Amino acid sequence: MSKQKMEIKKIEKNASRQATFSKRKRGIFKKAKELSTLCDADLALIVFSPSGKLFDFASSSVQEVIERYHMQTSIYRSQDQQSHEFQLEKDTYYLKCKELTDKTIGLRHLNGEELQGMKIHELQKLEKVLGKGLARVSKEKDERNLKDIIEMKKRGLQMVQDNHRLKQMRSQTNSQGQSSKSNSAEESDNRDHGAPNLNLGLPMFK
């Protein structure tokens, strides 16, 4: 007769549980020793009984196997981290390439190139984009033209003011020149009329 399979669940009876633990512990430790011997495997086995008692087996040393485990786990984690970072960089690169490709195609469409494969709704969307762009360009152009006109008016007004000021300065200069000539003539007349008579020592005739 074939062996009846036992349901794997916690054994309720304490005595049966202790007997099963002792029996299976010996079996698993035996298998661990065989695996180490037959395959030259470095292993450690740690078991705590239901009462908390420690049982262990190691092909070399439990502490050495545990340290080796921690070191190897650290290496795996580092490799996983590097792999994860590399995957992120790879994904970012592909996203940037796709974004650059999309923008390049978009610029070509704005320039009226490669429109043959576009659908109606895509053409309508492009038309709206071009319309908004044209409106912004037109507005910017009008603002700059208005700014240039205001600047030209300011310059024109400044030139008129400068011209008026130059005329005033020239008029003042001419007036000062005429006044200077008039004063020179008056001084000359005064010298002629107020000059003393020369007495040559001749008798005066009466």
Side-chain angles (χ1 to χ4, degrees), residues 3 5-12 17-18 20-148:
K3 264 186 161 185
K5 291 185 179 180
M6 186 178 67
E7 185 180 0
I8 302 300
K9 66 178 183 178
K10 181 180 177 181
I11 301 173
E12 297 298 334
R17 189 167 57 248
Q18 290 291 345
T20 302
F21 174 79
S22 178
K23 179 180 178 181
R24 300 235 172 178
K25 175 180 68 68
R26 287 196 302 270
I28 195 170
F29 273 70
K30 181 180 178 182
K31 293 293 183 184
K33 184 177 181 180
E34 290 175 355
L35 177 62
S36 173
T37 303
L38 293 173
C39 302
D40 194 24
D42 192 13
L43 59 88
L45 179 61
I46 301 174
V47 178
F48 287 93
S49 70
S51 60
K53 187 177 180 180
L54 171 64
F55 299 91
D56 61 68
F57 167 80
S59 55
S60 55
S61 165
V62 174
Q63 185 63 33
E64 290 179 1
V65 174
I66 291 175
E67 290 177 356
R68 182 177 177 184
Y69 166 77
H70 286 309
M71 182 179 65
Q72 196 68 28
T73 302
S74 177
I75 293 173
Y76 286 151
R77 287 176 180 173
S78 177
Q79 290 176 347
D80 290 342
Q81 181 66 22
Q82 292 176 358
S83 178
H84 180 66
E85 291 176 355
F86 174 76
Q87 186 63 40
L88 286 177
E89 292 179 357
K90 187 178 179 181
D91 293 342
T92 303
Y93 171 76
Y94 283 133
L95 288 175
K96 292 294 183 182
C97 288
K98 186 178 183 303
E99 183 180 357
L100 178 61
T101 301
D102 293 342
K103 287 186 177 181
T104 302
I105 294 174
L107 287 174
R108 290 175 181 173
H109 289 167
L110 290 175
N111 290 328
E113 301 174 359
E114 301 181 4
L115 303 178
Q116 294 80 3
M118 296 182 68
K119 298 179 180 179
I120 294 296
H121 70 276
E122 293 175 339
L123 291 172
Q124 291 174 345
K125 183 178 179 181
L126 178 61
E127 185 180 12
K128 289 181 181 180
V129 173
L130 289 172
K132 291 180 181 179
L134 182 61
R136 287 197 297 269
V137 171
S138 179
K139 180 180 178 181
E140 181 67 21
K141 180 182 177 182
D142 292 341
E143 290 177 354
R144 292 192 180 186
N145 286 338
L146 179 61
K147 185 177 179 181
D148 292 341

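Note that the numbering runs from 1 along the sequence shown for the chain. Hydrogens, waters and symmetry mates are skipped; everything else that's a heavy atom, side chains included, is used. Being a predicted model, the structure only gives us computed values, none of them experimental.
- Between Ala32 and Leu45 the shortest heavy-atom distance is CB-CD2, 4.2 Å.
- Between the side chain of Ser138 and the backbone N or O of Leu134, no donor-acceptor pair lies under 3.5 Å.
- Atoms CD1 and NZ, on Ile28 and Lys31 in that order, are 11.0 Å from each other to the nearest 0.5 Å.
- Side-chain contact check for Phe57 versus Val47: every heavy-atom pair is 4.5 Å or farther apart.
- Ser36 contributes a side-chain N or O that, together with a main-chain N or O of Ala41, makes up a donor-acceptor pair within less than 3.5 Å.
- Looking at Thr92, its side chain does come within 3.5 Å of a backbone N or O of Leu88 through a donor-acceptor pair.
- Summarising the geometry, atom CD belonging to Glu122 is positioned 10.0 Å from atom CD1 belonging to Ile120; distances are rounded to the nearest 0.5 Å.
- A 4.5 Å side-chain heavy-atom check between Glu99 and Lys103 finds at least one atom pair inside the cut-off.
- Rounded to the nearest 0.5 Å, atoms OG (Ser61) and CZ (Arg68) are 12.5 Å apart.
- Within the 3.5 Å criterion, the main-chain N or O of Leu100 finds a donor-acceptor partner in the side chain of Thr104.
- Relative to the ring axis of Phe29, Lys25 places its NZ or CZ within 45° and under 6.0 Å from the centre.
- A donor-acceptor contact closer than 3.5 angstrom is absent between the side chains of Thr73 and Arg77.
- Contact check for Glu143 versus Lys147: no side-chain heavy atoms found under the 4.5 Å cut-off.
- With values rounded to the nearest 0.5 angstrom, Leu130 atom CG is found 12.5 Å from Lys125 atom NZ.
- Within the model, atoms CZ of Arg26 and CZ of Phe55 stand 10.5 Å from one another, a figure rounded to the nearest 0.5 Å.
- When all heavy atoms of Glu12 and Arg17 are compared, the closest pair comes out as O-NH1, 3.3 Å.
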